[in-house]
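What follows is a short report on a single structure.
Reckoned from all heavy atoms, side chains included, excluding hydrogens, waters and symmetry mates. In this text the structure is predicted, and so the values were computed from the model without any measurement. Protein chains get the first letters and strands the later ones, always in sequence-line order, with residue 1 at the start of each.
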Protein chains: 2
Amino acid sequence: MTAAANHHGRRTTTRTRRLERAGIRDVAAAAGVSITTVSDALNGKGRLPDETRTKVREVAERLGYRPSAAARTLRTGRSGLIGLTVTTYGQEPFTFTEFAYFAEMARAATSAALNRGYALVVLPASSRHDVWSNVALDGTVVIDPSDHDPMVADLYRQGLPVVSDGKPGNCPVTAWVDNDHHAAVLGILDHLAQAGARRIGLLTGTSTDTYTRLSTEAYLGWCRSVGQEPLYEAYPAHDPCAGAVAADRLLARPDRPDAVYGLFDPNGTDLLAAARRYHLRVPDDLLLVCCSESAVYAATEPPITTLSLKPRRIGTTVVNLLIDAIEGQSSSDRPSVGQASIGPGSEDESSDDPSATDRADGGPNVSGQLMPTELIVRRSSQRRSPRTTVSAPRPPGET
Amino acid sequence: MTAAANHHGRRTTTRTRRLERAGIRDVAAAAGVSITTVSDALNGKGRLPDETRTKVREVAERLGYRPSAAARTLRTGRSGLIGLTVTTYGQEPFTFTEFAYFAEMARAATSAALNRGYALVVLPASSRHDVWSNVALDGTVVIDPSDHDPMVADLYRQGLPVVSDGKPGNCPVTAWVDNDHHAAVLGILDHLAQAGARRIGLLTGTSTDTYTRLSTEAYLGWCRSVGQEPLYEAYPAHDPCAGAVAADRLLARPDRPDAVYGLFDPNGTDLLAAARRYHLRVPDDLLLVCCSESAVYAATEPPITTLSLKPRRIGTTVVNLLIDAIEGQSSSDRPSVGQASIGPGSEDESSDDPSATDRADGGPNVSGQLMPTELIVRRSSQRRSPRTTVSAPRPPGET
DNA sequence: TGTTCATGGAGAAACGTATCTCCGTCATCC
DNA sequence: GGATGACGGAGATACGTTTCTCCATGAACA
């Protein structure tokens, strides 16, 4: 008795016991061909005449055959799954909803992954290890890794490609993508100064992630360069109430700022509410800008100028870089991130700005990529012209 | 030469070629025990003295051993993955961000899944089939399935547990959870009437999902019962601009309503903007309520009364029901949804309202569950008392 | 008439785990 | 002093694919 016959015998008895899904063997038997032929026919490989191919496909369809993803993954070493790691604050697992940035970014990432035949698994950065090791990942996207992130290091050591959203501090990654936060903050401060601000305040966070750090540093540097005394309040960004309190504190100071930039999404409404409490008119008494992806700031009274980090473009780029690394890895041993990472996979949102493909080195050998932000100018930051033009016409000349 | 030795021989030569992850065999060899012992030691099974167990664990740790999720899945038939199907509109894959409901619900679902050791895979309902069949799922959560949803039927036919958020129309599911939309709409309309509304309008959608359908029907029924002529505008809810246009149309009608309920999240700002355009004061000239999970409506001018569907509780419940079905399935053949589905897994958000565990039958044999909504009363729907108390003190009497 | 190719397809070996079965070895008990 | 069981652990099989290797057949060719 051959092994195949033995197999089949066992299967038959098993099937009488429970109604099981048809396997490739069942298809082969029903079609009167070998397992190899079925596999080749369904996967478009091998050299088979079209008649055989279509016949096998018909039989498979008739039997309701679905290939076992687990077996395929085991055999090929590819699961078609990529992880999306989100930062977790305390017990609450996600900032997903708190900041529209994450939601948008995750959406774009999911979409980009699906476009290339991958699915996204959402995993918290500090999850118990068992969940992580229970899912077969081809690679991981990490949002804002902390310095020396042990999870990232572990993944990388396992040989998994890791691409981070946010320039990594000290952990090894395959590639990274980030906004040019320094330039963005400088642009905003210049914009506010140009609108007449003399004392620009900052609402910032206490956490040590790259975004907060770079933005705050840029603010402090700008203050130094123009000779303004820094005016800022820092609060734990994950606390929904702390933002409102910090905004209030900032406007309650004796040296009250006449313009404020808020680093986090809810800061716009926080600041608007605080301004109302102190009877400050926006933009007459107080200029306002905040970093947000939320569309509600177009409809507030007054509409608030926002800095968009273009999370969709970032999410798309990150995923495409990751998949490039995953798929490039097999052909050559060293991960060579493809040169056309933006082009093919992002029909949806990469409509503008080809300069986004510029490269900047950020580590020993990893390819980093800085992406531009977009300042959406609305009434809250304009004293004179109420028109909502986007471009700031001033030539660079004051830092 | 035994098969094991053969294995190991091959492995050794392979390892010289490429640096591979250590397998269970390597651990067994390094620890001087058998594969069985390693497996048992790491999984806490079998009868082993603690010394062996700890020794094996040490060796595994030293070798950086990570069990292959694919192999485990293949062997056990469990992947620890559950799918989250999100409705897709046209080409754009997700409504994720558009409606805070989805973001919140997905977040809670992810969290609940992780609490029980599962990970969530986000998949679009109408994805190409290959992505679906490429991932090994233990079960699926479906958000708002359409009638006769082929995808759901297919999953169900495969024997996968399917739990839907939103009472399913005509597709078979293991269980479902939904809000009591009928009661919610009636409550809102009564609330508005009680605040003095004579002609209540509705901003609704053109799609045929359960939420839109039930809500609209409830509105129409209420209109019939109180003898009011229906005043509504329907628009494609997935179009971000169409809502603003529909809101404008509704307020531009000659028979302008003096109160409006908007079924979708952005309707609040849409209606507020439209009211401003027509110089209608809220709440004096126009009472406003919309269904939203967004916190921004607490900070608008005026703050807008919202109906919360409590998406986090729904997401948590749905996932727990699904996992109950998955894990119950193995012990008995018929999926018996556990009786304590809310209790254990939802430490975070099931703080209130134990009545949520009530059951309602909605299909032949599936267990459905109706969950309450919450009306957050703010200034936009109150004419007299500007205090933001939740209870409306006025006695009913002027319908 | 042999040799060479191309064609169509079968066999069997992995992939790495979980688990079922079974086998020694002692100590214990009647 | 032989049966009994607990203890500790090894062997082998199966999970369902993919894919490498190889074999038959017939046609083309020298």
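Contacts of A:Thr52 with the nucleic acid, taken as non-hydrogen atoms under 4.0 Å apart, involve only primed sugar atoms and P, OP1 or OP2. B:Ser68 comes within 4.0 angstrom of sugar-phosphate atoms only, judged by non-hydrogen atoms across all strands, and of no base.
The CG-P distance, from B:Leu48 to D:dC7, rounds to 12 Å in whole Å. The distance from atom CZ of A:Arg78 to atom C1' of C:dC15 is 15 Å, rounded to the nearest whole Å. We find that CG of A:Leu42 is positioned 8 Å from P of D:dT18, with the value rounded to whole Å. Taking atom CG of B:Asp26 as the reference point, atom P of C:dC15 lies 11 Å away to the nearest angstrom. As rounded to whole Å, 9 Å separates atom P of C:dT19 from atom CZ of B:Arg72. Rounded to an integer number of Å, the gap from CD1 of A:Ile35 to P of D:dT18 is 11 Å. At whole-Å resolution of the value, CZ in B:Arg53 and C1' in D:dG9 are 12 Å apart. Rounded to an integer number of Å, the gap from CD1 of B:Ile24 to P of D:dG11 is 14 Å.
One end of the helix from C:dT1-D:dA30 to C:dC30-D:dG1 points its axis 60° away from the other end's axis, with each axis taken from 5 pairs and the angle rounded to 10°.
Counting only distance, with no hydrogens or angles, the side chain of B:Ser79 and the backbone of B:Leu81 share a donor-acceptor pair below 3.5 Å. Between the side chain of B:Thr76 and the main chain of B:Arg72, a donor-acceptor pair closer than 3.5 Å is present. The backbone N or O of A:Arg66 sits less than 3.5 Å from a side-chain atom of A:Arg21, completing a donor-acceptor pair.
Using a 4.0 Å cut-off, some side-chain N or O of A:Ser39 falls inside it from OP1 or OP2 of D:dT18. In this model, the phosphate group of D:dC15 is not approached by any side-chain N or O of B:Thr73 to a distance below 4.0 Å at OP1 or OP2. Between A:Arg47 and C:dT7 there is no side-chain polar atom (N or O) within less than 4.0 angstrom of OP1 or OP2. Residue A:Lys45 places none of its side-chain N or O atoms closer than 4.0 Å to OP1 or OP2 of D:dT18.
Contact annotation: side chain of B:Thr36 to base of C:dT19, donor-acceptor pair present below 3.5 Å.
Each of D:dG9, C:dT17, D:dT17 was ranked by its minimum atom distance to the side chain of A:Pro67; first place goes to D:dT17. Picking from C:dG16, D:dT19, C:dA10 the nucleotide with the shortest atom distance to the side chain of B:Arg75 gives C:dG16. In the set C:dA18, C:dG16, C:dG9, the nucleotide with an atom closest to the side chain of A:Leu74 is C:dG16. Nearest to the side chain of B:Tyr65, among D:dG16, D:dA10, C:dT17, sits C:dT17. Of the candidate nucleotides C:dG9, C:dG16, D:dG16, C:dG9 has the atom nearest to the side chain of A:Ser34. If you check D:dT17, D:dA10, C:dA18 against the side chain of B:Thr76, the one that comes closest is C:dA18.
Across all non-hydrogen atoms, the minimal contact from A:Ser164 to A:Val173 is CB-CG1, 4.3 Å. The two atoms that bring B:Asp138 and B:Gly80 nearest to each other are OD2-N, 2.7 Å, heavy atoms only. Across every non-hydrogen atom of B:Ile326 and B:Pro161, the tightest pair is CG1-CG, 3.9 Å.
If you take CG on A:Asp40 and CZ on A:Arg53, they are separated by 7.0 Å, rounding to the nearest 0.5 Å. Within the model, atoms CH2 of A:Trp132 and CD of A:Gln158 stand 9.5 Å from one another, a figure rounded to the nearest 0.5 Å.
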